Trainee: 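Quick one: the structure is below, and I'll ask about it shortly.
The structure presented is a predicted model; accordingly, all values stated were derived computationally and were not measured.
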Amino acid sequence: DEIPDDEEEADEELFSIINAKRGCYCMYTPLKKTALHDLLNKPILFDANIFMVGISERTSDKNCSFENMKQLYIKPLFESFTDIYIHEEVYKELDEESRNFVDSYIGKNITIVKEDGLYGKDPKYTTIFNNIFELKPAHFLIYNRSGIHIEKYWNLRSEPHTENFTQTCEHLEYLLKDSITRQLVSDVPLCTFLSGGLDSSIITKFASDYCQENNLPPLDTYSIDYIDNDKNFVKSDFQPNSDNYYINLMVSTLHTNHHSIILDTPELADSLYDAMIARDMPGMADVDSSLLLFCKNVKPTATVSLTGECADEIFGGYPWFFRDDALNSGTFPWSIAINERQTLLNPSISKKISLTDYVHSRSNESLSNVEILDSDSAETTEKRKISYLTLNWFMQTLLDRSDRMAMYNGFELRVPFCDYRLAQYVWNIPWEIKALNGREKGLLRYISRKFLPAEIVDRKKSPYPKTHNPTYLAKVK
């Protein structure tokens, strides 16, 4: 094939050739004449494509000569970026002319690196997949001939809370009921997940009442447990008690049709691989595989479920909202044991990557976006920051996990507590009210006393149940 005579068509054809060989984002930018200002301060790794490796047989064509490529594309890139890395194996591939050109930039903004020199060059731009980045929540992306454009379409607004305590309770109860009711619209079988905790009990209570008020069949509810878990359960700060007693208490007071899904340890371990495939990356081990199996077992009789997830993030329900060591850590409050986690890495990786630097960088980056009001108390200011980290990092991880484990089974999970109106309203409630009586989710507990048993309201937070059977560890080892 010959490159067309028309200059614009020639660029298009050349771009197609380069892309077909191995692809290189670096080449796309100049060929499309896209502005580089969003990329210039980010480290970039050039591969051999930038020097036209693979189409050297076309150098007789003036459009493909190295000199032409250098002046039109390569040199502008090298002059624009502040931090360029070229793998030593790529460097070795270059012909003499290309290598001489690269040598003129070494020591300025180009570094030739070995494989182990590519890790953690800049923590702000490191991802699990090279050159693949996630679109952040509440952002949209437009891709057109002028390039990639990312804009934020929604964010939590910090505003003074002007309602008194009674008005706050009434407003909050309305939002809870409305967000749950809206999520009950479905043309396929729907259910709720019921753990006997405060959050799932609120969801199930409003959903059950809706079914009764509209003369619908009893609401189907589902819980999960593990064989012999009652014998092996060990309480902790994050899981202080088991669920069964509280589930039975809720079932006895509601108009529901309850189902218990019991998983066995071998099945849980055998599904770890499927859970990782569903997640597309390593995840939370048995916590992932158990949710995957939970959804798989519910799927034959239901297609959609409402869950109580996100209440802890929205209302401040985690222990780290109250623990001094977490609050004073200066980083993500659930990741304060960074040094211990560093030791879990393979030694060959651990010596190349500083988890402390990475975690602190991302934490500070997020905290710079928190809007603090002059009227915020010192405690509300502190908790706004912790809430922001929790909402934008911890909650996103859980939502991603839930969605992937469910959709792997063709199942849909809905999270009424994540209603944007509810999140926005609660964001601005002063911490002294949100944590009423010094309790996690204190305000939510206060409102729930109108319609839930006292034992449910006062129950200490307990997370998604996991197996405590020692045979699980034995099997995965």
Trainee: Using modelled atom types only, decide if a donor and an acceptor are shared between the side chain of Thr307 and the backbone of Phe193 within a distance under 3.5 Å.
Mentor: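 Flag not set: sc Thr307 to bb Phe193 has no pair under 3.5 Å.
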Trainee: Let me see the working for Cys169 and Leu443 under side chain to side chain contact (heavy atoms under 4.5 Å, CB included), right down to the final yes or no.
Mentor: CA-CA 8 Å; Cys169 291; Leu443 180 60; 4.0 Å; yes
Trainee: A side-chain contact here means heavy atoms from C-beta on lying under 4.5 Å apart; do Ile180 and Ile202 qualify?
Mentor: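 Side-chain contact under 4.5 Å: yes.
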Trainee: Are the side chain of Asn257 and the backbone of Pro218 linked by a donor-acceptor contact shorter than 3.5 Å?
Mentor: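 Looks like no, no N/O pair under 3.5 Å.
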Trainee: I'd like to know if Glu267 and Lys296 make a salt bridge, using a cut-off of under 4.0 Å between side-chain N and carboxylate O.
Mentor: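 No, Glu267 and Lys296 are not salt-bridged.
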Trainee: Mind checking the CG-OG spacing from Leu254 to Ser201? Nearest 0.5 Å is all I need.
Mentor: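 Here the interatomic distance stands at 8.0 Å.
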Trainee: Where does the angle between the aromatic ring planes of Trp334 and Phe332 fall among parallel (under 30°), tilted (30 to 60°) and perpendicular (over 60°)?
Mentor: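 Answer is tilted, since the angle falls between 30° and 60°.
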Trainee: Would you give the length of the straight line joining atom OG1 of Thr256 to atom CD of Gln212, rounded to the nearest 0.5 angstrom?
Mentor: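 With rounding to 0.5 Å, OG1 (Thr256) is 9.5 Å from CD (Gln212).
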Trainee: Looking at Lys450, I'd like to know if its NZ atom is crowded, meaning that more than 12 non-hydrogen atoms belonging to other residues, nucleotides or ligands lie closer than 6.0 Å.
Mentor: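 Check fails, neighbour count at 12 or below.
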Trainee: For the pair Ser448 (side chain) and Leu444 (backbone), establish whether a donor and an acceptor sit closer than 3.5 Å, ignoring hydrogens and angles.
Mentor: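 A pair under 3.5 Å: yes.
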Trainee: Between Thr301 and Tyr222, is there a side-chain donor-acceptor contact under 3.5 Å, judged purely by atom types and distance?
Mentor: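 Distance-only check passes for Tyr222 and Thr301.
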Trainee: With the side chain counted from C-beta on, respond yes when Leu156 and Gln424 share a heavy-atom pair under 4.5 Å apart, and no when they do not.
Mentor: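 Yes, side chains in contact.
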Trainee: Which pair of heavy atoms, one from Ala269 and one from Val476, lies closest together, and at what distance?
Mentor: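 Of all heavy-atom pairs spanning Ala269 and Val476, the closest is CB-CG1, 4.0 Å.
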Trainee: Is it the case that the side chains of Asn144 and His149 hold a donor-acceptor pair, with the cut-off being a distance below 3.5 Å and no angle test?
Mentor: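 Yes.
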Trainee: In chain order, what residues pass the ring-ring contact (aromatic ring centres under 6.0 Å, His included) check against His171, with sequence neighbours excluded?
Mentor: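 With neighbours one apart ignored, the set is Tyr425.
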Trainee: Taking atom types as modelled, is there a side-chain donor on Arg323 or Asn328 under 3.5 Å from an acceptor on the other?
Mentor: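 Checked: Arg323/Asn328 side chains show no N/O donor-acceptor pair below 3.5 Å.
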Trainee: Taking salt bridge (Lys or Arg N to Asp or Glu O under 4.0 Å) as the test, write out the residues that go with Lys383, two or more places apart.
Mentor: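 By the salt bridge (Lys or Arg N to Asp or Glu O under 4.0 Å) rule, Lys383 matches Glu379.
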Trainee: Provide the closest heavy-atom pair for Asp376 versus Thr381 in the form atom of the first, atom of the second, distance.
Mentor: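 For Asp376 versus Thr381, the nearest heavy atoms are CB-OG1, 3.5 Å.
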Trainee: If we ignore angles and hydrogens, is there a donor and acceptor under 3.5 Å between the side chains of His255 and Ser208?
Mentor: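 On atom types as modelled, these side chains do not qualify, holding no pair under 3.5 Å.
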Trainee: Under 4.0 Å between a side-chain nitrogen and a carboxylate oxygen: does that hold for Arg445 and Asp458?
Mentor: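 Asp458 and Arg445: not salt-bridged.
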Trainee: Could you verify whether a donor N or O on one side chain and an acceptor N or O on the other, from Gln342 and Ser350, lie under 3.5 Å apart?
Mentor: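 Yes, Ser350 and Gln342 have a side-chain donor paired with an acceptor closer than 3.5 Å.
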Trainee: Main chain of Ser289, side chain of Asp274: is a donor-acceptor contact present, judged purely on distance under 3.5 Å?
Mentor: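 Not confirmed, Asp274 side chain does not pair with Ser289 backbone.
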Trainee: Taking the side chain as every heavy atom from C-beta outward, state whether Thr265 and Ile227 have any pair of such atoms under 4.5 Å apart.
Mentor: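 Contact flag for Thr265/Ile227 side chains = no.
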Trainee: Given the rule in the side chain to side chain contact (heavy atoms under 4.5 Å, CB included) test, do Ile261 and Leu293 qualify, once you have shown the distances and angles that lead to the verdict?
Mentor: CA-CA 9 Å; Ile261 304 297; Leu293 290 172; over 6 Å; no
Trainee: Quick test of your reading of the model: are Arg421 and Asp178 salt-bridged, counting only N-O distances below 4.0 Å?
Mentor: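 Asp178 and Arg421: salt-bridged.
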Trainee: Checking Ser387 side chain against Arg384 main chain: does a donor-acceptor pair fall under 3.5 Å?
Mentor: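 Here the side-chain-to-backbone pair does not exist.
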Trainee: Any side-chain heavy atom of Phe315 within less than 4.5 Å of one from Val426?
Mentor: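 Yes - at least one pair of side-chain heavy atoms lies under 4.5 Å apart.
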Trainee: Which pair of heavy atoms, one from Ser223 and one from His258, lies closest together, and at what distance?
Mentor: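 Looking at all heavy atoms of both residues, the closest pair is OG-NE2, 3.0 Å.
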Trainee: Working to the nearest 0.5 angstrom, can you tell me the gap between Lys205 NZ and Thr192 OG1?
Mentor: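 That separation rounds to 13.0 Å.
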Trainee: Ignoring hydrogens and geometry, is there a side-chain-to-backbone donor-acceptor pair from Ser377 to Thr380 under 3.5 Å?
Mentor: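 Present.
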Trainee: Report the C-alpha distance between Leu452 and Met250 in whole Å, list the side-chain angles of each, state the deciding distance to 0.1 Å, and finish with yes or no for side chain to side chain contact (heavy atoms under 4.5 Å, CB included).
Mentor: CA-CA 8 Å; Leu452 290 181; Met250 284 302 299; 3.8 Å; yes
Trainee: For the pair Asp403 (side chain) and Leu399 (backbone), establish whether a donor and an acceptor sit closer than 3.5 Å, ignoring hydrogens and angles.
Mentor: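 Pair absent, no side-chain N/O of Asp403 close to backbone of Leu399.
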Trainee: Give me the ring orientation class for Phe394 and Trp320: parallel if the planes are under 30° apart, tilted from 30 to 60°, perpendicular past 60°.
Mentor: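 Phe394 and Trp320: perpendicular rings.
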Trainee: Can you confirm whether more than 12 heavy atoms, excluding those of Tyr420, are under 6.0 Å from its OH atom?
Mentor: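 For Tyr420, atom OH is not crowded (no more than 12 foreign heavy atoms under 6.0 Å).
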Trainee: For the CG atom of Leu422 and the OG atom of Ser179, what is their distance to the nearest 0.5 Å?
Mentor: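 Going from CG on Leu422 over to OG on Ser179, the span is 5.5 Å.
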Trainee: Would you check if Leu263 and Asn297 make a side-chain contact, meaning some heavy-atom pair closer than 4.5 Å?
Mentor: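 Leu263 reaches Asn297 side chain to side chain.
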Trainee: With a 4.5 Å cut-off on side-chain heavy atoms, are Met284 and Leu398 touching?
Mentor: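 SC-SC contact between Leu398 and Met284 confirmed.
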Trainee: Are any of the side-chain heavy atoms of Ile247 and Val251 separated by less than 4.5 Å?
Mentor: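 Yes, close enough: below the 4.5 Å cut-off.
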Trainee: Is there a donor-acceptor contact under 3.5 Å from the side chain of Asp199 to the main chain of Cys310?
Mentor: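 Judged by distance alone, no pair lies under 3.5 Å.
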Trainee: Rounded to the nearest 0.5 Å, how far does CG of Leu413 lie from CZ of Arg401?
Mentor: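 If I round to the nearest 0.5 Å, the distance is 9.5 Å.
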Trainee: Show the numbers, then the answer: is there a salt bridge (Lys or Arg N to Asp or Glu O under 4.0 Å) between Arg459 and Asp243?
Mentor: CA-CA 10 Å; Arg459 184 188 179 190; Asp243 293 338; 2.6 Å; yes
Trainee: How far apart are the closest heavy atoms of Pro416 and Ile203, and which atoms are they?
Mentor: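 So the two residues come closest at CG-CD1, 3.7 Å.
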Trainee: Just so I know, are the side chains of Tyr226 and Tyr472 near enough to count as touching, which here means a heavy-atom distance under 4.5 Å?
Mentor: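 No, every pair of side-chain atoms sits at 4.5 Å or beyond.
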Trainee: Around Lys299, counting heavy atoms of other residues, nucleotides and ligands shown, do more than 12 lie under 6.0 Å from its NZ?
Mentor: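 Yes, NZ of Lys299 has more than 12 neighbouring heavy atoms, counting only those of other groups under 6.0 Å.
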Trainee: Identify the heavy atoms of Leu291 and Ser402 that sit nearest to each other, and give their distance.
Mentor: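 Closest pair (atom of Leu291, atom of Ser402, distance): CD2-CA, 3.8 Å.
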Trainee: Go through the structure and list residues passing ring-ring contact (aromatic ring centres under 6.0 Å, His included) with Phe165, not counting sequence neighbours.
Mentor: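 Phe165 satisfies ring-ring contact (aromatic ring centres under 6.0 Å, His included) with Tyr446 only.
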Trainee: Indicate yes or no: does Arg279 engage Asp400 in a salt bridge with an N to O separation below 4.0 Å.
Mentor: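 Yes, Arg279 and Asp400 are salt-bridged.
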Trainee: If you take all heavy atoms of Arg439 and Lys460, which pair is closest and at what distance?
Mentor: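 Arg439 and Lys460 have their closest heavy atoms at NH2-CA, 4.2 Å.
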Trainee: Would you confirm whether Ser158, through its side chain, and Glu371, through its main-chain N or O, come within 3.5 Å as a donor-acceptor pair?
Mentor: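 Yes.
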Trainee: When you measure from the side chain of Asn214 to the backbone of Leu216, do you find a donor-acceptor pair of N or O atoms at a distance under 3.5 Å?
Mentor: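 No.
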Trainee: Under the side chain to side chain contact (heavy atoms under 4.5 Å, CB included) criterion, do Tyr318 and Glu440 qualify, and how do the steps go?
Mentor: CA-CA 7 Å; Tyr318 290 111; Glu440 73 280 1; over 6 Å; no
Trainee: If you measure from OG1 on Thr181 to CZ on Phe206, what distance do you get to the nearest 0.5 Å?
Mentor: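 Interatomic distance, Thr181 OG1 to Phe206 CZ, rounded to 0.5 Å: 8.0 Å.
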